[in-house]
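What follows is one structure encoded as structure tokens, with my remarks underneath.
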Amino acid sequence: MVTVTLGSVLRQAALGVDLRRFAEFEGTVGEFLTQISVVGGPRFRQLLFDGDQLRGVLAVYVDGVDIRYAGGAATPVTRDSRIDLIPAVAGGAGF
Amino acid sequence: MTAPVRPPESLTEPPTPLTYPGSSSTAEVPTSLASGLTCEVCGAAGPLEVAAACGQCLGALDVAYDLGPLVGSDPVALLGRRPRTLWRFRELLPPIDRAVEEGLAVESSPLRRARRLGELLGLDDLWIKDDSVLPSGSFKDRPASVAVATGLGRGFTAFGCASTGNLAAATARSAARVGSPCLTVVPRGLPAAKLAPARRYGARIVEVRGTYDDANRIASLVGERLPIGFVNVTLRPYYAEGSKTVLLEVLEQLSWTPPEAVIVPLGSGALLAATARAERQVTSLGWLDRSPGGGLRLIGSQPEGCTPIVDAFHRGADRTEPVQTPTTIAESLAIGDPASGPAALRAIRRSGGVADAPSAGEVTDAIRAACHREGLWVEPAGGTVIATARRLRASGVLSRSDRVVLFLTGAGWKVPDVGIEAESSLPSLVLDPRRFDADEIARWLNGRDDAPGEARAW
Ligand SMILES: Cc1ncc(COP(=O)(O)O)c(C=O)c1O
Ligand SMILES: [Zn+2]
């Protein structure tokens, strides 16, 4: 089952979206984010994407690995994957 | 702007009426002049709350101030009789409860002239801001103290951090002083001496088999689950404010005349970005006594093996490329994906400064030089800064007469083994007390070209 953790800012923007419906997802993380952004509504989408591009300040991890060190948006997501989405400022990088 | 992640409890702002000497304003002002949070990327503004990222764009948040009531005031009259702790700059820090001020006070650190080191570097007006003397052994006592003080006001009763070692000690100490438990998350493999203070202060320590960036992500996710105020994650905007006090103290110690340059170690870039904010704020207050055209150059230094900010500076880029696996002897600065990288880059460029990356050998030589010439044992983050001073003097970026202040941010005793190979070329003489012979000691002392106590040539 694909499990997703959202940082609180993202969680609030995606209020009420049931991400469990993506539990069977298989494909790339780019496709995954596009799909959840569609059901998450415009505010949620705005936090994930700047136009068509993933936001630079969004840290995306698939199975604990920053996708910038894996295949970027093409990083594969399988049924057991764990995806963490957190603001880079409070996650992938430190103060 | 985001809603608070926890029910807001209003910060206690003592309604002390204060009049500021020299200021034209007669309005009553709160002790802190902080007015809200602003996004450093899109400029969105919101209230002072527990939030680290902008609700519009996920950008980093900074504390904003309404400095109006203090503009034109006289800093000497204003600060004069206040105790020498970081709270003397309380107008320029987030609002905190007076009740915790004493417990979380961090005494000011010395600013010293460094004549013998300056001689070696070719800098006639060299100064050292010595934060190695702070209680937990690094400047991190400043941001940790401000974050814990703010977090208490927001109802947090437990604190934590992600750390390359020094922040763990500082957070553990601040938490101990207010009786709160502390959870630190660090990369595995730090020197035992670096973690020892956090252990002694009673913190729980999670060692992650990975990098600092892994530790930071884990702290961030734990902070989503448990009511722990992670000082550099959950409370990040407040934490960052504490680092402003290094420059504020330096300026006060130099009677509000800024030096030509300060050299600042870069980890996440937060200290350098905070230094720039502090300078901007005291400039708009009119506190600086500047010679015409006299700008303060902010110079950033990162050690070879972890140079994302320096590389971006030289590429002319606005953003850093992350370094997946930093390899440096300065593990305090081993942050491959610096959150304040963009802010630090902007600040360096705006000030007319530069970014520089000395080699590991230059860093260990610099540590030895500070020991032998100033009696000051700094950790590799300090060696990095000293080595950058030497390199920039040699390349002509710094002139002999420039007043230069080195931010030496951490104590050497925490990293006892770096550079020890070089010191072991001065082995001790092992004596049998029953067959003691003063001549033997004389022969041993004279048998070396480099007299003990003198730094060898770099
Ligand atoms: C001794 C020392 N100096 C400098 C820094 C860099 O500070 P910042 O992360 O704010 O850039 C650190 C960070 O851990 C440190 O421990
Ligand atoms: Zn924003």
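Computation of the quantities below employed the complete heavy-atom set of this structure, encompassing side-chain atoms and omitting hydrogens, waters and symmetry-equivalent molecules. Since the model is a prediction, treat every value here as computed from it, not as a measurement. Lettering of chains follows the sequences in order, A, B, ..., and the numbering in each one begins at 1.
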**Study point:** Intermediate values then yes/no, side chain to side chain contact (heavy atoms under 4.5 Å, CB included), A:D66 and B:D213
**Key:** CA-CA 10 Å; A:D66 188 325; B:D213 292 319; over 6 Å; no
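Between the CG atom in A:D84 and the CZ atom in B:R217 there is a gap of 5.5 Å [rounded to 0.5 Å]. Between the CG atom of B:N216 and the CD1 atom of A:I86 there is a distance of 8.0 Å, given to the nearest 0.5 Å.
Atom CZ of B:R315 has more than 12 heavy atoms from other residues, nucleotides or ligands within 6.0 Å.
Interface remark: A:L48 contributes no atoms to any contact with chain B (heavy atom separation under 4.5 Å).
The two residues B:Q56 and A:R43 make their nearest non-hydrogen contact at NE2-NH1, 4.4 Å.
Taking 4.0 Å as the cut-off between side-chain N and carboxylate O, A:R68 and B:D337 count as a salt-bridged pair.
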